[in-house]
Amino acid sequence: MAERPSRRIVKELWQSGPGKAGLILLALLAVTSLVVIVSYPRNFGTGYWANPGYWADNPKSAPPAWTNALTREKRPRHLVIDIDEPAVSESTGRAFRRVYSEKSVFDADFPPTFVSFSVSNLQYSRRPPVLTVFLIRPDGGEVTLARRVASGPRQGEEVPYVRYADEPLRESVGADDRVLDSLSRIHGVDRQSMSASLEAALFGISTDEGGFGMLRGEYTLQLEALFQDEDDSLGSVRFVLGGSVYGVMGTDALGRDLALGLLYGLPVALLIGVATSTVSTLLGMFLGMTSGYSGGWIDLSIQRAADIVANIPVLPLLIFLVFIGGSKLWLILLVLVAFSWPGLTIMVRTMVLQLKTGLEVESAKALGASSFRIVFRHILPHAASYVLAQLVFFAPSAILAEAGLSFLGLGDPSIPTWGQILEYGFRTGAVFLGYWWWVVPPGLFIVLTAVTFMFLALGLEPVVDPRLRGRRSWHF
Amino acid sequence: MAFLEVRELTLDYSTPRGPLRAVDSVSFSMEKSGTGLGLIGETGSGKSSLVMALARILSRNVSRYSGEVFLDGKEIMGLSNDAYRRSVRWKQISVVFQGSMNGFNPVMKIGKQLTERMLLEPGADRNGASEKVLGLLKDVGLSPEVFDRYPHELSGGMKQRVAIAMALCLDPRLMILDEPTSALDVSVQAQIMNLLKKLKWELGISMIFVTHDIALASEISDDLGVMYAGQLREFGSAEDVMLRSADPYTRDLLASIPRLHGGVGPKFVSGMAPDPIDRPAGCRFRERCSLAFERCVEDPPLRPVGGGAVGGAPAGSSHVARCWLVGAGSAS
Amino acid sequence: MQVVKRLLVKGLTMLAVLLIVQFLVVITLGATGYSDRMLEAVISEELRAIRPSLAETIRDPERLEEALTARRDELVALYGLDRAWHTRLPGMVFRVFTLDLGEAHTLRSSSGSNRVADIVGERIPKSMLLLTTSMIVTAAIGLAIGARLSSRAGTVLDRVVSSFSAVSYALPTWWVGILLILFFSFRLGILPSGGMYSAPPPDGSFLRFLDLLYHALLPVFTLVLAGIGPYIYVVRTISVNIAQADHVTVARAKGLSDSLVSRRHILRVAAPPIVTGLVMGFAGTLGGSILVETVFNWQGMGRLYYEAIAGTPDEMVIVALTFVYTLIYVVARMILEVLYVLLDPRVRYG
């Protein structure tokens, strides 16, 4: 027999423009998916993506960092400073003072969108430590951002008392009295005008018009911890100066890094496409072969069923079933498969009918092969190309269907998909606010994945129809 | 003035392997109108291409189309496509195609397809055209009901008759028939041949009849031309070519016709026609010819049979053949 | 006659489709307990309604409760709640067919009615407007371009347009809509970002109509953009195939002009398979319109899906919508089938 059909198909695919493009893209997507599967935590969906606390320090609805290069004005970078060791550690006689400090040069045209600090792993044995957070400006002005005292020992708690071990203490600097007092002393302006634009006041100089201009230069962020005992300690301190831009693909309204979410969607999309089309192809082949070979009322009923199912409009029914049955991915895939088998069934049935009287089958029968074996071994190679074409052709529509469902709000919330990212964006008005980095990439990813399969299908055209082999209808 | 004169008609197709010369500088003439010319030859000899070239029905991959054609003394090859379409197509030259089974628009009634071209003529009116068509249907032996039928309701033979009627609708000077009966069964074939003979006799219409079936050609042809590898090998009256063939290929061809009586079995011509893209130099039949000799490495022109001038002479009502053995000092 | 038989078979198949979808919907509702809950709610509603009037005639609170309980039992028996859900199937199917599905939880029609039939009913014409307009525009442009392309098969223009067709099959329609809003509404500010009318809508019916057209521009454009790609390709491919048919050679040999050949002998012959192509694309257009209405806040049935899912889920509205959409699909299919029969005489005789 000629070379194995799989090698032949791949070779043929490589010949044509679209086929080659499709194979390259598929390889790219597959490799990326593997990397994602390996490097992402298993519960990414429920544990991370659905957990707003994880993204609390990220700027909200921020465009990607590289857009800074395109605008004349420089937007503030997102700055995360982690400090483990104190810069100063001394005894003041009555207490032990440790200062965690970091300098940073700030040269953007806009102030940070927020300032926050986190403290974790606080330990003390007698009196809880006092924490004070300072911002020291380039002009020497010092602003007290916050003062906190850890909670006292609880009943039944044993020494040493541990605070903020499981969850760090995280606070965003707000316009409270302490901050406003410091600021009004520095600027000489009343507190009202500053509470409206706190960050502008923190990082700027008051101007004649009543606003604030940017004060560029070296800023120092400090956390002073006053401990009673020398053994009392602090694990780590984190400062965050909220940027206006973030990451490779920006963030959504919850501050989630869109790059992470979009990448996660890739293996999901491939899974949806491949799983649905594989199962539907197997189902279609099985039914087609059964129908064609058995004949009689089995054939008739399968044909009628195929006719009816092929004529049912999928989306309305899909919406209803997922709505009632619950937004679970397996249910969505099940319904998609349930509606997709008729096409291939009819095609396979036709092939089986043609081949049923063919010489190969006759001779196989003469040699005493069982019916199933005949059907399987002899008809399968002929049908292989058609089946492959169907597989490849159906995958994009499954991906698009799931995306549409997600967009309507019926997506599986435990498994983030591109459609869900778009849904959240649409629901929170990202479209009307012009957040292009949020709404354009997910669609592009969908299109890219679907187009990959389409290219493969185009490349398979000549394989499926031998008349076209060598004479392609397509050249790129 | 000859009725039809063809000079150096050449047709090339472009193929991935290079140009294919399907019709190689063919020249011939039909002296009188109202006669039938049969063109015979094997598949790939160029006979179909020749008549398609004659009727300017060119496919997309034609790379060269040259020569001169004089119909009633007027040259038509030089006409623009538009002028050709308006003055020659179907008015002077019409075609009955091979496989008229699919030659009809499946969603249009027969009558409409027949009157369609007529209605394009200035001063035409629907009633007059319909009258004419009904008359034509009668002439080809079909009932007037056919006018309102769709093509899929007719049999193969009926469709072929309609095709003939359609070819006659503007009373053309010349009707070209390209294998009009090859797709039909023998009895229907006979009917169509009788019809054609009748039309030729009653309407005095000139015909060029292309076929690979020599017996069929002989039924209707006054003159016969034999095509091989893009060239005319022999041309003359049907009687001359069939009974006194001078070209070795023609003779072999005629000998390959099985005869019911006579006890002589058919002789097969061994070998195959040369590769049309890469033809060897010299006489194209040389490889398969039992009479080939040294001179045959030079491609012979058409030479008059039975003496006369040496050198090329266009085929006319005289008998010519493309063989060095013909003419002065020929051996019959 | 052949044609009657053919249409009958198609009609029966379509009817089967409608019935099977209905049964599927109703069975799902029953098996998941929704129909039970729904009927409970209906009964509770009725009891609440008759309580005040009963309270006027029956003073004794104990006897009032007894009367209400008795009434409740009656209603339970009437609605069949005391039986298993599958025995209520035929009644349920009938209710769906007549859109007798009670009241919605939170959604209201523009006239304030909360009856499902009213809410869904008033949205139908708005969806139909979008659907028919985009289908007509798609068909018209698709035919024009596809036909023109078929005579230029294999040229650069052909390949470019064919590539675009392939890519447009992969485009999510609704995402294209989002992109268009982003560009034309947000960036350029020349087209509205949604809704059917401006707020407040202009006075006078002519101005209102223009306002409607203005708002319909982007949604229709989106639907056309997404659907036209595959359609052009189908028209082109079918035309190319037919252009190579024998009868076209004959027509040219007869001396007919190129435009005549193109119209009568290529396009007209391609019409039946092109209609089939329209049929195949229609389900996609239907699905696409649901999502496009959502994106553009077009107050049609598709948008109603979104609102019914997002709000306190209004499952009866969704049931009604599923039914109406299936019905629209079935009717449209039958229309196209009749069109096909009219266009192709081969199925009429012989």
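Sequence lines set the chain letters: A, B, ... in the order given, protein chains first and strands last, and positions in each chain run from 1.
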Any chance you could lay out the side chain to side chain contact (heavy atoms under 4.5 Å, CB included) test for A/Val440 and C/Leu179, step after step, and finish with the verdict?
CA-CA 7 Å; A/Val440 174; C/Leu179 289 184; 3.5 Å; yes
Greatest number of heavy atom pairs closer than 4.5 Å to chain C - which of A/Ile312, A/Val309, A/Leu318
A/Ile312
Heavy atoms of C/Tyr329 and A/Pro313 approach each other most closely as CD2-CD, 3.6 Å
Value for CG (A/Leu422) from CD1 (C/Ile178), rounded to nearest 0.5 Å, stands at 5.5 Å
May I ask you to name which of C/Val295, C/Val156, C/Thr237 has the most heavy-atom pairs under 4.5 Å with chain A?
C/Val295
Can you give me the closest heavy-atom contact between C/Ile309 and A/Leu408, atom names plus distance?
CG2-O, 4.0 Å
Candidate pair A/Phe407 and C/Leu291, rule side chain to side chain contact (heavy atoms under 4.5 Å, CB included), full reasoning:
CA-CA 8 Å; A/Phe407 185 71; C/Leu291 294 160; 4.0 Å; yes
Side chain proximity check, C/Ser193 to A/Val431, heavy atoms < 4.5 angstrom
no
Using non-hydrogen atoms only, which part of C/Val160 is less than 4.5 Å away from chain A: side chain, backbone, both, or neither?
neither
Return the OH to CG distance between C/Tyr305 and A/Leu315, rounded to the nearest 0.5 Å.
7.5 Å
Most chain C-contacting option - heavy-atom pairs closer than 4.5 Å, from A/Ala401, A/Gly434, A/Ser397, A/Pro396
A/Gly434
Side chains of A/Asn311 and C/Val330: does their closest heavy-atom pair fall under 4.5 Å?
no
Could you tabulate the donor-acceptor pairs under 3.5 Å formed by side-chain atoms of residues 8-28 of chain C, not counting sequence neighbours?
residue	atom	partner	partner atom	Å
C/Thr13	OG1	C/Val9	O	2.7
C/Thr28	OG1	C/Leu24	O	2.5

With chain C, the option among A/Leu321, A/Leu444, A/Val314 that has the most non-hydrogen atom pairs under 4.5 Å is A/Leu444
Which atoms of C/Leu286 come close to chain A, meaning under 4.5 Å heavy atom to heavy atom: side chain ones, backbone ones, both, or neither?
side chain
Using 0.5 Å steps for rounding, measure from the CD1 atom of C/Ile318 to the CZ atom of A/Phe323.
3.5 Å
Run the numbers on A/Val447 and C/Trp175 for side chain to side chain contact (heavy atoms under 4.5 Å, CB included), then give the verdict.
CA-CA 10 Å; A/Val447 171; C/Trp175 180 66; 3.8 Å; yes
Pick one of side chain, backbone, both or neither for C/Thr32, based on which atoms fall under 4.5 Å of a heavy atom in chain A.
side chain
Shorter than 4.5 Å, heavy atoms on both sides: which option in A/Ala430, A/Ala450, A/Pro442, A/Pro316 has the most such pairs with chain C?
A/Pro316
Spatial distance of atom OH (C/Tyr306) from atom CD (A/Glu423) [nearest 0.5 Å]
5.5 Å
Could you measure the distance from the CZ atom of A/Phe320 to the CG atom of C/Leu321? Nearest 0.5 Å is fine.
11.5 Å
Between A/Gly419, A/Gly425, A/Gly404, A/Gly325, which residue shows the highest count of heavy-atom pairs closer than 4.5 Å to chain C?
A/Gly404
Answer whether the closest heavy-atom distance between the side chains of A/Ile319 and C/Thr322 falls below 4.5 Å.
no
A/Leu410 portion near chain C, given a 4.5 angstrom heavy-atom threshold:
side chain
